[in-house]
Each structure stands twice: as C-alpha cells, then as structure tokens.
Amino acid sequence: MAHTTLPGFRDFYPEQLAERAHVMRAWREVARRYAFMEYDGPPLEPLDLYTAKSGDEIVGQLYNFVDKGGREVALRPEMTPTLARMVGARANSLRKPTRWFSTPQLFRYERQQKGRLREHYQLNMDIVGESGVAADAELVACAIDICRELNLTSNEVVVRVSDRRVMHAYLAALGIAPDSFEAVLGVADKLARQPRAISAEKLAAAGLNVDQVERVLDIPHATIDTVEFAISAASGVGIEHVQELRNFFDYVAQLVPGGEAWLQFDLSIVRGLAYYTGIVFELFDRSGEFRAICGGGRYDNLLDAIGGTSLPALGFGMGDVVLTELLRARNLLPSMAQTVDYWLTADDDIPVLRVMSEAASLRAKGFSVEYALRRQSVSKQRKAAITAGARNIVHLTNSTATDSSV
RNA sequence: GUGGCUGUAGCUCAAUUGGUUAGAGCACCGGAUUGUGGUUCCGGGGGUUGCGGGUUCAAUUCCCGUCAGCCACCCCA
C-alpha cells in the first residue's frame, strides 16, 4: 500500500460517513429544539490562543507548526478559546443568555487509543450570560435528549453530576485544609481507576489524617443528603450550593421525561483541575467499557481570562468517537445500506438515449436514479439493481415501461 | 513521552518441530445459468507474510531494529 492515513486520522468510507452523519444529525436536531444557534471558527489558530490560557506545557499536546509566513499556529484542540474570542468581540451586542453550538473537527497530538484519536468531531454547546442553575439544567437536559434521540436510554447511560463549590464545602466540613484541595481533587478524579491503597497513600501525603482519608475514599458513595448533613453539622458554609444542586436535579427531571433516572450525584467527578467553577458533569455508559462520552460544566471566569469580558458561562463537549463506539456496541446504528429509488433496466434494443431521458425525468421529480452505464444483459442489469438496493426497478421495453417493485 | 501485547488478501482466518510456486471462505470484477427477491456453476484480479536487517542450506515461523495497531500509564476531549 503506497499511502495510509496518518496515525489517529480517519478515512470516512461511505458507511462511516453515514454513521457520522447519523450522529451529527441528532446533534443538530436536538440543538435546534433547545434553540441553540450554530457558529464556527477557523480550524487553524494562532498558537498563543492556547498557550495564553494553559501555559507552554500544553504545546506537547497540540498539532502546531510554523506557517510559511513565520507564524506559530496550531490546529484547534478545543473550541472554547475560539468561542471566548468571538463572544468577547461582540459581548455587548449579543442577546443574553446566548445559546450557541458548533460541531468542529478538533486535533490533538497524542498517542491514540480506543475512543481517542488525533482528530475528532465534537459537539460544543455553550450558554453565555446566565449564572442561575436553570441554565445548567437546560444544558444537561439537552445532552440527555441527544442520547434519547440516538435511542440510548438511562439503562445504558448515566449522567454523573458534581459541583466544585459543594465539593469544596464538603472537604472543608471534613476539616481538610484548603491547601490540600487540589491534591484531593486529583485523587478523587481517579478513585475509580486507581487502587484504593495508592489513593490513600497520596491523600496521606497531602496531609490528611486517617479519618479524612477514609471519608475522601468514600466520596463516590456519598449521597447529597450525607454531604448536606456534614456541611451543616460543620460551619454550614456553602450549604446554599447544595440547595442549588437540588434545584438543578429537579429542573432536569422536569425538562426530560424520566430525567431523574439518568442522574447520579457523584462528587468524584472533577473534570480536569483548572477552570470549572460550579456544576460539572460527565456522561458515561453504565457498563464502564468506554471512556466518558460527554463532559462539561460551568466556567464563570474563563471568558474574562480569554475574551476579556466578564460573563458567566457553561458548556459541554461531546465527541463523535466514543459515542459512535457505544452506539455500535448497543446495536443502535441504523442500517447504512445504500438505497436507490429507481433503477432503470432496458432491453437490448432500447437506445441509451431513451434510458437517459427516463432517468432525467425521474430525477427532476427528486428521485435517486441509477442505470447501466454500458450495454449489459437484462439479467446483469437486474442483479446490479438489486445489489444497489433499488426500491423500484423500471424495465424499459419497446412497447411500455414495466414498473416492478422490489 | 514510558511500558506490555500484537502485525499473513479489502474482511475473518489457515499454512504440520523453520522445508517446494503462502491457501480457504466472504467481498469485488467477468462469464454462464435461473422469467422476479439477490440462486447455482465456471473463471479472474488482488499478498515482495507491515517494513529493514540478522541467524540458517532454507524464515510467515527464530533474533534485533523500525513503523503501525491494541492495552495500561501520562494527559485530557
């Protein structure tokens, strides 16, 4: 083979493109129902759009190079900086809250694994300019509705929800020093994947006592009631965020039929360490065989940091790779077989011009039409029509055209 | 970037302890057959066994390197 794709990049044969289109159709359809407007930006951006926020170490993860004009550039690894710039430039004139979505192809220079390539398409949905939890609920409801649109149910998918402020309040209630929060969040993020003993060791190294270590290790099992009780039993600081979270759960349950079945309170959801400020969430398949299919949350300070405008914002990203893998595993990808509305067959003595004129008139009516592009026996033509998935075969003879449905 | 496993046709797999021109099914193309649901038969293209070295009379098989894939770290989407 002379050429192959670069590692982590994909050729989309018609079958794969049909799968991608199936997913993206669901994204757009649900986004429309939630009144989001589509936008896009350039796939290639100045490198410093990304380094400014995250520092130079992120360059190792970027597809970056110097262009012919000597500019440091990078293929976009995420959409949020672009969104921040665009929103920042028109912050004052945009109707708030602003509901925008995009389906960019994103790039990342990392070793590929299952569900993780160097390129993928990712739905990004963001709401800008609303600080109340109704916006968070709207966004999560939308993510759930996308799953429902793709015929996934709460039996297959769970939305794990946490809140940075509740987490901080809970850790404080456990008597853990704020200096240790970052280390604790890092451990909490990995509780499911990392041996308990190692987590315990790291927590002890972060300065937690034996009791605190146990409580942190149990965070995945902590319910909203136990967390609320612990916080009010301590100083009560941050208790209002627990109530907001309760409202959030109620709202989602109202927005999506059977919504509560999808939701699960789980403080161990961390979503990286950096910029989230409030509710954060991730969608997982319940079997645990795939990585997260969607993740997002509230980032009220980010637009200020990047776009120079102080606006509350929240959003999520949902990639096509894991989602498609899950749909395939659950047998939820529709049949992608090619179909043709009409396949014209003709006897030997029918001039090709007549077949073409027949095809043209059917096509003018909006049907998809195929026919033999060279002389072939009738049986050959029929065979070709059947393998092409023709819904109707029209046979042209010297007397009349016979329409036989297949 | 680190470590482990894997690598034969488009796909799924064969090839007896290393032993002649690396095979089969499916798919694809061609021909015949069948007067209707993708039948049956015949034929064809397509592999320098990922690539490059080494050991050997002889390598798909053993060794090394490299590339690629999978998995786990790292990191995150």
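- A/R391 and A/S368 are not linked by any side-chain donor-acceptor pair at a separation below 3.5 angstrom, with hydrogens and angles left out of the test.
- Under 3.5 Å, the side chains of A/H168 and A/D163 contain no donor-acceptor pair of N or O atoms.
- Comparing B/C73, B/A77, B/C70 by their closest approach to the side chain of A/K114 singles out B/C70.
- Out of B/U2, B/G31, B/A77, the shortest distance to the side chain of A/R271 is found at B/A77.
- In this structure, the CZ atom of A/R111 is 19 Å from the C1' atom of B/A77, given to the nearest Å.
- Between A/D145 and A/Y34, the side chains place a donor N or O and an acceptor N or O closer than 3.5 Å (distance only, hydrogens not considered).
- At a threshold of 4.0 angstrom between heavy atoms, the contacts of A/R10 with the nucleic acid are absent.
- Using a 4.0 Å heavy-atom criterion, one finds that A/G8 contacts the sugar-phosphate atoms exclusively.
- Among the nucleotides B/A68, B/U40, B/A77, the one closest to the side chain of A/H120 is B/A77.
- Here B/C76 is the nucleotide among B/G69, B/G30, B/C76 with the atom lying nearest to any side-chain atom of A/R108.
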- request: Would you sketch RNA chain B in dot-bracket for me? Only Watson-Crick or G-U wobble pairs with both distances under 3.5 Å count, crossing pairs as [ ], other-strand pairs as |, the rest as dots.
  value: (((((((..((((.....[...)))).(((((.......))))).....(((((..]....))))))))))))....
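- In this structure A/M24 satisfies the side chain to side chain contact (heavy atoms under 4.5 Å, CB included) test together with A/R20, A/W27, A/R28, A/T103, A/Y121, sequence neighbours excluded.
- Counted within 6.0 Å of OH on A/Y39, heavy atoms from surrounding residues, nucleotides or ligands total more than 12; the atom is thus considered enclosed.
- Nearest to the side chain of A/R291, among B/G30, B/C76, B/U36, sits B/C76.
- Side chain of A/R116, nearest nucleotide from B/C75, B/A77, B/A32: B/C75.
- With sequence neighbours excluded, the residues forming a side chain to side chain contact (heavy atoms under 4.5 Å, CB included) with A/R246 are A/I224, A/D225, A/E228, A/V242, A/Q243, listed by chain and number.
- Nucleic acid contact class of A/L117 (heavy atoms, under 4.0 Å, all strands): base.
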